[in-house]
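Take a look at the structure below.
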Amino acid sequence: MRKANKNEVPNGSSVEVEDVKYQYAEVWPVCIAIVIVFTSKKVQKYFVKKYVDAKVDLSEAIQEFIEALLDLKVTMLKK
């Protein structure tokens with residue numbers, strides 16, 4: 001059994017990257033992804049706030065409905 005070379009991939013094929021262009025080609029997508037995440041922070045905050053506001057409005061409406069329903073039941077029982 002032979003020893004694996006440091007440039008050898010586990011499946012047995014050897015990969016030698018000598019050209020700098022190939023090394024940059026492996027790195028630039030990660031850099032772009034990091035830039036996108038940090039620049040989209042404002043947009044993400046907007047949509048999270050919109051979502052939270054909608055949930056609060058819904059819970060307030062449900063609470064109001066429950067209170068109105070209880071008032072109706074009390075009124076109906078008094079008659």
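All values below come from the heavy atoms of this structure, side chains included, with hydrogens, waters and symmetry mates left out.
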Which atom pairs, donor and acceptor, lie under 3.5 Å between side-chain atoms of residues 30-44 and protein residues at least two apart or in another chain?
unit_1, atom_1, unit_2, atom_2, d
T39, OG1, V35, O, 2.8
T39, OG1, I36, O, 3.3
S40, OG, I36, O, 2.9
S40, OG, V37, O, 3.2
S40, OG, Q44, NE2, 3.0

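Separation of atoms NZ (K55) and CG (D53) is listed at 12.5 Å; rounding is to 0.5 Å. Taken from CG in L72 to CG in L77, the straight-line distance is 11.0 Å, to the nearest 0.5 Å. Rounded to the nearest 0.5 angstrom, M76 CE and K73 NZ are separated by 11.5 Å.
For the side-chain hydrogen bond (donor to acceptor under 3.5 Å, both in side chains) test, no residue two or more places apart in sequence or in another chain qualifies with E64.
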Could you go through K78 and T75, starting from their C-alpha distance and side-chain angles, then the distance that decides it, and tell me whether this counts as side-chain contact (heavy atoms from CB on, under 4.5 Å)?
CA-CA 5 Å; K78 287 183 180 177; T75 304; 6.0 Å; no

Between K49 and K45, is a side-chain contact (heavy atoms from CB on, under 4.5 Å) present by the stated rule, with each step listed?
CA-CA 6 Å; K49 183 177 179 345; K45 279 185 178 181; over 6 Å; no

